[in-house]
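What you see is a predicted model; the values in this text were computed from it and never measured. Naming convention: chains lettered A, B, ... in sequence-line order (proteins, then strands); numbering from 1 in each chain. Heavy atoms only: backbone and side chains are in, while hydrogens, waters and symmetry mates are out.
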Number of protein chains: 2
Amino acid sequence: MKPKDEQKQEAIQQAALQCIFEEGIAGLKMESIAKKAQVATGTVYVYFKNKDELINHLFLRFKRSSILALEAQIDVKQPFKVNFRQLWYSYMNFALTNPAQATLLEQLHRSPYLSQEARQEAEKLLEPIRQLLNEGKQQQLVKPVDNELLLAFLSGSINQLARRSYEMGFELTPLRLEQAFAMAWDGIKS
Amino acid sequence: MKPKDEQKQEAIQQAALQCIFEEGIAGLKMESIAKKAQVATGTVYVYFKNKDELINHLFLRFKRSSILALEAQIDVKQPFKVNFRQLWYSYMNFALTNPAQATLLEQLHRSPYLSQEARQEAEKLLEPIRQLLNEGKQQQLVKPVDNELLLAFLSGSINQLARRSYEMGFELTPLRLEQAFAMAWDGIKS
DNA sequence: ATTTTAAATGAAAAAATATTCATTTATATT
DNA sequence: AATATAAATGAATATTTTTTCATTTAAAAT
């Protein structure tokens, strides 16, 4: 018996990820994925029942890994601003070093492929971060506004900045990152 | 001679806009557009050479109108902060009252349909806003950082906030809008 | 070494979608 | 009112893309 090839399985996923990055979800073709993964078109169907299943698998995989990695950064023993800075940089770093993953998550977030359950799971994953923001508010370090406002403000600006960086080749030097962080911090601090 | 029906032309565009809002660019079909516009499939081709042209036309139309409406808000006689507030609220208002347009612009920005020329024109349209930010920096009201940083910071946070508002039903009350504006202003001010 | 099993292949079929076009219909011009 | 012209139609055709499947290949089990 010939077993499934884990490397091939991974190659297909990476190829799909790359294809979405290059052409968007609208241009995603099974043939392109196979070609990029250097397998035959039919091979993709050995690992994924169909295109839909492949896409949903990718979304859940990358959504979970990105948010869990983020939360692992929180250290309750550290002062609020240290944790905040750590989180901000981790998120920015994820978006910058994994543009394809960031693009995939963004593209799928608003698409008929994504199930309601997946949305809810993603929402729940943010709980520890809301918690951190609450502590910042209790310590009167953060503006007394809804977490929704804070989260949208932070994630929106980070994602957009990362996007500009890899779309327009705008280099985010350490100086610029520190400037961007200062904007985020000044924005939320009370 | 039968002239082209301007209302039909508009109906097709509105239908396409609505289709993209409902199913994303990935699910956009000429047949769906025609059905929603209540015309025959072939009629769409009377007004647009093909799908590509329709999509690019929509992108440029809404990009131009949204940005030009913004720029009309700038009044050089007013102090910087007055102009900035006016711009921030206009942009937020656009994103909140035209979710379909905002979604279309966001979805098309990263799709294989969009031509390079369309992208470049969109970039040029931002010039007057860059100009305003430059003045803010000259007056030492705005942090001395690249316009790219400022624009990404502002547009990213506004878009994300508007998106959360109409996706999750998070109501942006006048108080919350003022709080969000304060975050933006505190973020960019030096 | 042989057998067994499932992966891998890629051409072909199926399905989905875009586009065309012969025909009909509506409107401006004469 | 008749004519000319282009819009409008939607079925037919073309094209693109997904999915299947008969066949080959590779690895594990015997």
Are OP1 or OP2 of C/dC21 and a side-chain N or O of B/Y45 less than 4.0 angstrom apart? no
Please tell me which of the listed nucleotides, D/dT19, C/dT19, D/dG10, lies nearest to the side chain of B/N50? C/dT19
Please report the distance, rounded to the nearest Å, between CD in A/E23 and P in D/dT16. 14 Å
Side chain of B/D5, heavy atoms from C-beta onward: which of D/dA28, D/dA8, D/dT17 has the nearest atom to it? D/dA8
If we ignore angles and hydrogens, is there a donor and acceptor under 3.5 Å between the side chains of A/E10 and A/Y47? no
Describe, in one word, how the ring planes of A/F181 and A/W88 are oriented to each other, choosing from parallel (under 30°), tilted (30 to 60°) and perpendicular (over 60°). perpendicular
So does A/K51 get a side-chain nitrogen or oxygen closer than 4.0 Å to the phosphate oxygens (OP1/OP2) of D/dT18? yes
Once you round it to whole Å, what is the distance between P of C/dA7 and CD1 of A/I12? 12 Å
Measure the distance from CG on B/D52 to C1' on D/dT15 and round it to the nearest whole Å. 14 Å
Please determine, by modelled atom types, if A/E135 and A/Q131 share a side-chain donor-acceptor pair under 3.5 angstrom. no
Which of these nucleotides, C/dT17, D/dA27, C/dT9, is closest to any side-chain atom of B/K29? C/dT17
In whole Å, I'd like the distance from the NZ atom of B/K2 to the P atom of C/dA26. 7 Å
Can you tell me how far C1' of C/dG10 sits from CD of A/Q38, to the nearest Å? 16 Å
Testing the basics here: between B/K63 and B/L105, what is the closest heavy-atom pair and its distance to 0.1 Å? N-CD2, 3.7 Å
Mind calculating the distance between NZ (B/K35) and P (C/dA16) to the nearest angstrom? 14 Å
Base, sugar-phosphate, or nothing: which does A/L54 touch, judged by heavy atoms less than 4.0 Å apart? nothing
When you get a sec, tell me which of C/dA8, D/dA7, D/dT20 is the closest nucleotide to the side chain of A/K8? C/dA8
Among D/dT18, D/dT9, C/dT19, the one nearest B/T41 by side-chain distance: C/dT19
For B/I33, which contact category applies under a 4.0 Å heavy-atom criterion: base, sugar-phosphate, or nothing? nothing
Within less than 4.0 Å of OP1 or OP2 of C/dT9, is there a side-chain N or O belonging to A/T43? yes
Protein-nucleotide distance (A/E31, atom CD; C/dA16, atom P), rounded to Å: 18 Å
Looking only at the side chains, is there a donor atom on one of A/N83 and A/D75 sitting less than 3.5 Å from an acceptor on the other? no
Using a 4.0 Å heavy-atom cut-off, does B/F48 contact any base of the nucleic acid, only the sugar-phosphate backbone, or nothing at all? nothing
The nucleotide from D/dA8, C/dA8, D/dA28 with an atom nearest the side chain of A/Y47 is C/dA8
Nearest whole angstrom, please: distance from the P of C/dT19 to the CE of B/M30. 6 Å
